[in-house]
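Letters go in sequence order (proteins before strands), and every chain restarts at 1.
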Amino acid sequence: MEIPSKYEPSSAENRWYDYWMKNNYFHSIPDEREPYTIVIPPPNVTGVLHMGHMLNNTLQDVLTRRARLMGKNACWVPGTDHASIATEAKVVARLKEQGIAKNSISRDEFLEHAWEWKKEYGGVILEQLKKLGCSCDWDRTAFTMDDNMSESVIKVFVDLFNKGLIYRGYRMVNWDPQAQTTLSDEEVIYEEKQGLLYYLAYQIEGSDEKVTIATTRPETILGDTAICINPNDERHHHLKGKRAIVPICERSIPIIEDEYVEIEFGTGCLKVTPAHDVNDKALGEKHNLETIDIFNADATLNSFGLHYEGKDRFTVRKEIAQELEEKGFLVKTEQYLTKVGTSERTKAVIEPRLSDQWFLKMEELVKPALKAVLETEDIKFFPKKFENTYRHWMENIRDWNISRQLWWGQRIPAYYYGDGQDDFVVAENIDEALKLAQDKSNDPKLAIEHLRQDEDVVDTWFSSWLWPMTVFNGILEPDNDDIKYYYPTNDLVTGPDIIFFWVARMIIAGYEYRNEKPFKNVYFTGIVRDKQRRKMSKSLGNSPDALKLIDDYGADGVRVGLLLSSAAGNDLMFDEDLCQQGKNFANKIWNGFRLVKGWEVADIPQPQASKLAIEWFHAKFDQTLVEIEDHYSKYRISDALMATYKLVWDDYSSWLLEIIKPAYQKPIDRTTFDAVIDILEQNLKLLHPFMPFLTEEIWQHIAARTPKEALIVAEWPKIGKNDNGLIKGFDFASEVIAGIRTIRKDKNIAMKEALELSVINSENASNDWDVVIQKLTNISSISYVDETVEGALTFRVKSNEYFIPMAGTIDIDAEMKKIREELEYTRGFLQSVQKKLQNERFVNNAPEKVIALERKKQADAEAKIETLEKSLASLL
RNA sequence: GGGUCAUUAGCUCAGUUGGUUUAGAGCGCUGCCUUGACAGGGCAGAGGUCAUUGGUUCGAAUCCAAUAUGACCCACCA
């Protein structure tokens with residue numbers, strides 16, 4: 001059968017993915033082997049594959065496949081996250097297109113639509129992961145709103161409530177007026193925006209005097225309930241105890257004093273709006289101020305907004321500024337750079353808002369999680385620098401607002417039975433709730449229909465923080481076989497952007513619910529950026545279509561492309577050229593295989609050169625394997641790939657195959673052939689985690705294999721004896737080869753023309769490698785001589801001198817120039833070494849080993865100089 | 001405002017407890033080669049005052065300090 005000269009990925013990829021699925025290699029069940037577990041960072045159900053996912057999941061697949069090859073019971077659990085805000089927004093938008101308003105349908109009807117949506121689109125991203133080659137255990141695919149997941153969430157909520165860690169509070173929270181829900185502090189992104197600072201003059205009550213304040217939000221004056229000055233500010237002492245009149249609404253408000261006010265900022269006078277600013281709220285509580293909320297839930301003004309009622313806050317800002325100016329209250333405006341909080345999901349400007357919400361007390365929960373990372377190193381971060389970020393957040397942690405005013409998610413299991421602040425119970429189901437409510441209210445006649453469940457759901461992260469446990473049902477059945485076997489998981493691969501949202505909270509939950517870490521190592525990937533260092537995003541349109549990339553370069557090519565430049569924790573500048581490099585590599589491997597496959601095998605003696613080359617490659621392979629293992633142990637995946645790349649491209653293809661290659665249309669001896677097939681198979685194993693499809697394809701081409709013998713479940717190579725002498729000998733020989741090639745190049749001597757080589761072997765180098773040198777450079781004979789050969793081109797390796805006699809004239813000047821240049825360099829080098837050795841303090845203080853090395857360098861350089869001088873003399 | 005990290009070849013990055021030839025890799029670049037695995041290839045080559053300035057040391061890309069530039073994280077100055 002003719003093998004095409006170009007590797008065609010698309011058919012192979014589908015074929016082998018189906019084969020792997022059919023033979024159940026991805027599926028894991030507990031057995032006597034050591035487990036290796038990864039839980040996927042569940043992408044949003046609304047998501048489509050982007051470059052970040054590609055990188056992230058390629059890394060997970062590399063780790064999983066390698067673990068599998070190493071004989072571990074590898075289990076990579078896939079799944080998706082219900083992403084309440086994002087998904088609810090999409091469903092709302094879709095309903096709107098169909099002419100249905102969310103508030104016109106019931107909660108249950110809405111949820112039906114949402115589930116319908118999930119059924120339709122929820123699997124898209126997982127299907128895309130298959131295209132990438134991800135070897136997830138699809139039988140275990142989970143979703144954060146699966147029944148057992150939701151039950152777990154409720155159970156945990158009730159438990160934390162009963163422990164006194166969850167409480168209900170009337171607090172200032174981050175309100176997203178577009179999604180109409182609260183957000184946690186972590187979901188608020190601060191963006192710098194150019195705005196205006198308005199200076200407004202308030203009339204002092206009962207006088208003609210005025211007081212000027214500065215604000216960025218003039219529309220909130222309608223909610224003002226005080227003006228605050230710093231008691232140490234002498235400019236304003238005359239205002240103490242007086243009252244001011246708020247413009248437009250003409251409310252009389254007190255002038256209070258507090259050191260919180262910065263004397264330097266603005267005019268040193270602050271307007272206080274307790275309903276719409278966290279600091280103002282604190283002031284309000286301290287000074288017992290009235291709280292006036294002027295906004296509706298969608299951030300339009302309510303009746304306190306007077307004639308602005310019903311208008312949006314930003315419209316009002318413009319209009320009220322105009323009115324204030326017309327009425328003479330506006331003193332001036334200044335350009336002002338301010339930080340505005342926006343919603344991570346909807347991008348809407350966050351409104352601080354007072355409302356009843358559920359909070360989780362973090363202070364105690366955090367302690368074991370902090371210790372595990374920073375003290376005991378039970379959990380290791382790669383790269384380590386993120387431990388600082390983690391520490392900082394954990395040590396300054398605030399209570400977590402876990403309630404969201406949404407429908408898509410786990411509904412808060414609180415049941416109200418009366419109108420009092422305290423008239424509620426928390427229970428896993430309504431029957432439990434009824435019993436508790438009857439007890440608490442002392443009213444045995446209380447019935448189910450009297451109970452109203454809280455309308456809110458919990459934050460999405462309140463379900464995903466349990467993910468490493470709930471995917472193995474470890475909350476509902478804490479003693480089941482899966483959780484006992486797979487937990488704690490081994491590696492977590494994720495982005496540093498969710499270190500607080502998710503990573504930290506999983507660690508907290510792990511210690512609280514299993515008294516054990518959720519994972520041993522966390523590998524933080526970088527952010528994928530484009531060549532101009534811009535973050536890849538939909539709005540910029542700079543994110544390539546993942547599936548198109550796979551079409552163009554093959555999944556293996558894309559995987560290699562992504563991994564080539566992704567040191568842990570460093571952002572990665574993605575460039576399609578890297579995928580091209582990956583594709584080229586795949587083709588190189590393919591052709592290396594094609595060459596070997598095309599050879600005719602005969603029972604003839606093994607050439608000495610082949611024997612030596614194979615021994616050398618074994619040594620080189622062992623040496624590289626040590627390197628690769630070291631890289632993996634430090635999660636330096638891109639270095640592990642590069643080491644493999646060089647082994648296969650340079651050592652295997654460029655050197656080994658060239659040395660053993662039989663003459664044109666001549667057969668190869670069986671011994672060499674068998675050895676090279678074995679070597680190819682070992683290489684394929686190292687390559688498989690990076691390039692699963694291509695390697696399986698070649699593996700199965702080499703020989704007919706039963707499913708048990710598939711590459712995906714082959715045995716990872718063991719580290720061998722690593723013979724250094726062979727590697728040194730080869731390195732020396734390769735320098736000789738390069739010298740001869742350079743001469744051929746310079747003098748334009750075709751490879752067909754055989755040359756002779758003479759050598760003055762001052763280095764006493766072994767002649768074992770002569771056969772290899774001869775084969776690769778078409779040297780007919782190598783003779784060992786004592787004296788300089790006249791009329792020859794020369795080159796030197798260390799202090800060995802090589803001669804290639806030339807029939808024609810030798811350009812003496814050029815030869816001399818070359819030698820002089822070498823001489824100059826070597827003398828310079830010798831000088832620097834001598835300078836060190838002549839320094840008494842160096843000789844006295846440096847370790848023995850270092851001095852010996854310097855002496856060796858000196859001797860080598862001196863020998864080389866002697867050789868060069870002799871050659872030069874012979875030319876004169 | 002506080003903090004973390006970076007700065008090495010045209011680009012992307014290694015350089016592990018200071019000493020392994022006068023600093024490496026991949027890509028790119030420049031020449032030449034090209035019927036017998038692969039032009040998605042081969043061979044050879046050019047290219048760096050290791051951000052700057054001081055300091056410690058026998059010895060610094062590596063340790064320390066300051067400066068500059070950039071990135072990220074945290075923080076309630078209207």
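- Donor-acceptor pairing under 3.5 Å is lacking for the side chains of A:Lys646 and A:Thr644.
- No N or O donor and acceptor, one from the side chain of A:Lys385 and one from the base of B:C5, sit under 3.5 Å apart.
- Across the protein-nucleic acid pair, A:Arg529 atom CZ and B:C13 atom P stand 11 Å apart, rounded to whole Å.
- Taking every heavy atom of residues 741-748 of chain A and every atom of RNA chain B, pairs under 4.0 Å involve A:Arg741, A:Thr742, A:Lys745, by number.
- RNA chain B forms stems at B:1-7 with B:68-74, B:10-13 with B:24-27, B:29-33 with B:41-45, B:51-55 with B:63-67, each a run of 3 or more consecutive Watson-Crick or G-U wobble pairs whose two key distances fall under 3.5 Å.
- With sequence neighbours excluded, the residues satisfying ring-ring contact (aromatic ring centres under 6.0 Å, His included) with A:Tyr336 are A:Phe265.
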Expected string for nucleotides 24-29 of chain B under the B/S/- scheme (protein heavy atoms, under 4.0 Å, primed atoms plus P, OP1, OP2 as sugar-phosphate) is -SSS--
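- Counting any heavy atom pair closer than 4.0 Å across all strands shown, A:Phe500 reaches sugar-phosphate atoms only and no base atom.
- Base engagement by A:Glu658 is indicated by at least one non-hydrogen atom pair under 4.0 Å involving a base atom.
- Electrostatic pairing of A:Arg217 and A:Glu219 counts as a salt bridge here, judged by a charged N lying under 4.0 Å from a carboxylate O.
- For the P atoms, the distance linking B:C63 with B:A25 amounts to 23 Å, nearest Å.
- Contact annotation for A:Asn845: base contact, defined as any heavy-atom pair under 4.0 Å involving a base atom.
- As rounded to the nearest Å, B:A68 and B:G28 have C1' atoms that lie 30 Å from one another.
- Taking atom CZ on A:Arg796 and atom C1' on B:U21, their separation rounds to 17 Å, with Å as the unit.
- Shown here are the salt bridge (Lys or Arg N to Asp or Glu O under 4.0 Å) partners of A:Glu821, two or more places apart in sequence or in another chain: A:Lys817.
- At a threshold of 4.0 angstrom between heavy atoms, the contacts of A:Asn587 include nucleobase atoms, whether or not backbone atoms are also involved.
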Give every pair of a protein N or O atom and an N or O atom of nucleotides 75-78 of chain B that lie under 3.5 Å apart, one pair per line with the distance.
unit_1, atom_1, unit_2, atom_2, d
B:A75, OP1, A:Arg398, NH2, 3.3
B:A75, N6, A:Lys339, NZ, 2.8
B:C76, OP1, A:Arg398, NH1, 3.2
B:C76, O2', A:Asn279, ND2, 2.9
B:C76, N1, A:Asn279, OD1, 3.0
B:C76, O2, A:Asn279, OD1, 2.0
B:C76, O2, A:Asn279, ND2, 3.0
B:C76, N3, A:Asn279, OD1, 3.2
B:A78, OP2, A:Tyr336, OH, 2.6
B:A78, N6, A:Glu262, O, 3.0
B:A78, N6, A:Phe265, O, 3.0
B:A78, N1, A:Glu262, N, 3.3

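- Side chains of A:Arg841 and A:Asn844: no donor on one and acceptor on the other come within 3.5 Å.
- Using a 4.0 Å heavy-atom cutoff across all strands shown, A:Pro847 reaches at least one base atom of the nucleic acid.
- Within 4.0 Å (heavy atoms only), A:Ser653 reaches at least one base atom of the nucleic acid.
- Atom CD of A:Glu264 has 12 or fewer heavy atoms from other residues, nucleotides or ligands within 6.0 Å.
- When the C1' atom of B:G42 is taken as reference, atom CG of A:Leu595 falls 14 Å away, rounded to whole Å.
- The salt bridge (Lys or Arg N to Asp or Glu O under 4.0 Å) test applied to A:Arg741 returns no partner, not counting sequence neighbours.
- Contact annotation for A:Gly592: base contact, defined as any heavy-atom pair under 4.0 Å involving a base atom.
- Scanning for ring-ring contact (aromatic ring centres under 6.0 Å, His included) contacts around A:Phe673 gives an empty result, with sequence neighbours left out.
- Distance A:Asn388 CG to B:U4 P: 7 Å, rounded to the nearest Å.
- Rounded to an integer number of Å, the gap from CD of A:Gln665 to C1' of B:U35 is 12 Å.
- A donor-acceptor contact under 3.5 Å is not formed by the side chain of A:Lys856 with the base of B:U21.
- Using C1' as the reference atom, B:U56 and B:G48 are 26 Å apart when rounded to the nearest Å.
- Residue contacts shown for A:Lys597 are absent, as no nucleic acid heavy atom lies under 4.0 Å away.
- As rounded to whole Å, 9 Å separates atom C1' of B:C58 from atom CG of A:Asn844.
- Considering only residues two or more places apart in sequence or on other chains, A:Asp650 meets the salt bridge (Lys or Arg N to Asp or Glu O under 4.0 Å) condition with none of them.
- Applying the side chain to side chain donor-acceptor pair (under 3.5 Å) rule to A:His287 yields the partners A:Asp258; only residues at least two apart in sequence or on another chain are considered.
- Taking the ring centre of A:Trp393 as origin, the terminal cationic atom of A:Arg398 falls outside the region bounded by 6.0 Å and 45° from the ring axis.
- The local environment of CD in A:Glu824 is sparse, with at most 12 non-hydrogen atoms from other residues, nucleotides or ligands closer than 6.0 Å.
- Looking at heavy-atom distances under 4.0 Å, A:Ala586 makes no contact with the nucleic acid at all.
- Listed by chain and number, the residues in a ring-ring contact (aromatic ring centres under 6.0 Å, His included) with A:Trp590 are A:Tyr7, A:Phe593, A:His701 (sequence neighbours excluded).
- Judged as a side chain to side chain donor-acceptor pair (under 3.5 Å), and not counting sequence neighbours, the contacts of A:Glu334 are A:Tyr199, A:Lys332.
- Checked by atom type, the side-chain pair A:Asn401/A:Ser184 shows no donor-acceptor distance below 3.5 Å.
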